[in-house]
Every structure is written in structure tokens, then in C-alpha cells.
Asks: 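The structure that follows is given in the form of C-alpha cells.
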Amino acid sequence: MISVVAVFIGGIVGTSLRFILGATVPESAQVVTLLINVVGSFVLGLLVSALWSKPSTPAWLKAGLGTGLLGGFTTFSALALDIADTLPFLGTESTSWALGMLVLFVAEIVLGILAAWAGLAWGARASRRVVTSVGHDRSVITDDGGDL
């Protein structure tokens, strides 16, 4: 039950953040959608490699941050809607505009994948253990969550 509450609260926060960002730059919604999805992909990759890999990370936290916060923040449905709205223009004089929009969408998918990969790599690097010159293990990130 606590996971459901965590998803609910995370969804409210993530969706609110997305709405606020979209409201600040309404005339370039596609660029805001691109930024939101790329940042969300990076943060999810980071969290998966830094927190999800730790057995001590509670399931409710994973659900609240992943499904709730980032699921509410990222907006694949807006991307799909923008693509659907662009497709009818491909047969008109606005073809160059429509093709430009499609290039933006492809870039968003590619950048999202690259951002997720970068987040996974950065999170794995930040959470691994290092050996000091004396030979003692020392954790790079504390378990208090303050480093995130």
C-alpha cells in the first residue's frame, strides 16, 4: 500500500513540475518536451544504477521515484501527440516544417536513449566502491541520500 501512495505523491510532483516547465515556455512546447524527456531519461538511468542496484533501497522508494515522479515528469504521450499532429502536414506546402518536427522527435528519442545510458554509466561509476591506498574499502556515496 505504501508503494501506491509513493507513486501517487511522486506523480503529483512530477506532473506538476512538467506543467510548470511547459507553462514557462508555451510557445515552444516541442523544445520543452524534448528537454523534459531527455532530463527524465538521464535521471532515471542515474537512479536505476545508483539506487535500484542496492538491495537496501525500499520498493516504495523505487516506485515513487521511477513510476511516480519520473513517470509523471516525462511525457511520452505528449511526444506521441505532437507526432500525430505533425503527420497530416507531410502532404502539404508545410512539408519542410513537418519534416523538421519529425527530425526533432527522432532527435528526442536518440537523445533520450543516450541520456539514459549516460545516467546509468554515471550512476554506476558514482556508486561503486573504491579502494584506498591503505587497502580499505570506502563508499563513494553515503546511504543517507544526501548525495543525490
Side-chain angles (χ1 to χ4, degrees), residues 1-90 94-131 137-148:
M1 184 62 172
I2 192 167
S3 291
V4 172
V5 172
V7 169
F8 181 75
I9 293 170
I12 289 172
V13 172
T15 304
S16 297
L17 288 172
R18 182 183 65 209
F19 177 78
I20 291 167
L21 286 173
T24 59
V25 191
E27 62 275 353
S28 96
Q30 291 78 18
V31 173
V32 173
T33 301
L34 171 74
L35 291 173
I36 286 170
N37 286 339
V38 171
V39 168
S41 295
F42 175 78
V43 171
L44 185 59
L46 182 67
L47 290 174
V48 165
S49 64
L51 289 178
W52 273 233
S53 61
K54 292 183 178 184
S56 61
T57 304
W60 66 265
L61 183 62
K62 294 176 185 179
L65 291 175
T67 304
L69 180 71
L70 292 170
F73 180 68
T74 58
T75 175
F76 186 77
S77 58
L79 173 65
L81 182 60
D82 287 343
I83 291 171
D85 285 344
T86 301
L87 291 177
F89 291 105
L90 288 177
S94 300
T95 300
S96 63
W97 177 83
L99 288 175
M101 291 297 295
L102 288 176
V103 167
L104 180 65
F105 299 134
V106 169
E108 183 170 341
I109 292 168
V110 170
L111 289 173
I113 291 169
L114 290 174
W117 173 81
L120 286 167
W122 191 25
R125 185 173 164 217
S127 65
R128 74 172 178 234
R129 299 174 90 59
V130 296
V131 178
D137 285 345
R138 182 180 52 158
S139 179
V140 175
I141 294 182
T142 64
D143 289 333
D144 64 4
D147 297 313
L148 298 177

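FYI, the numbering just counts along the sequence from 1.
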Asks: For residues 107-127, which residue pairs pass the ring-ring contact (aromatic ring centres under 6.0 Å, His included) check, not counting sequence neighbours?
Replies: F42-W122
Asks: Working to the nearest 0.5 Å, report the span between CD1 of I12 and CG of L17.
Replies: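 It is 12.0 Å, given to the nearest 0.5 Å.
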Asks: Once rounded to the nearest 0.5 Å, what's the spacing between atom CG of L61 and atom CG of L69?
Replies: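 Nearest 0.5 Å value for the CG-CG distance: 10.5 Å.
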Asks: Which pairs pass side-chain hydrogen bond (donor to acceptor under 3.5 Å, both in side chains) with one or both residues in residues 60-74, sequence neighbours excluded?
Replies: none
Asks: Which residues pass the side-chain contact (heavy atoms from CB on, under 4.5 Å) test with I36, sequence neighbours left out?
Replies: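 By the side-chain contact (heavy atoms from CB on, under 4.5 Å) rule, I36 matches R18, L21, V32, F73, T75.
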Asks: Enter the distance from I109:CD1 to L114:CG here, rounded to the nearest 0.5 Å.
Replies: 12.0 Å
Asks: Could you pull out the closest heavy-atom pair between A115 and V38, with the gap in Å?
Replies: CB-O, 3.4 Å
Asks: To check you understand the geometry: which heavy-atom pair defines the closest contact between E108 and T33, and what is its length?
Replies: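 Answer, listing the atom of E108 first, then T33: OE2-O, 3.5 Å.
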Asks: Please say which of L65, L47, V39 ends up in a side chain to side chain contact (heavy atoms under 4.5 Å, CB included) with L70.
Replies: L47
Asks: Any side-chain to backbone donor/acceptor pair from T57 onto L51? Under 3.5 Å, distance only.
Replies: yes
Asks: Which atom names give the shortest non-hydrogen contact between S49 and A124, and what distance separates them?
Replies: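 Looks like OG-N, 3.1 Å.
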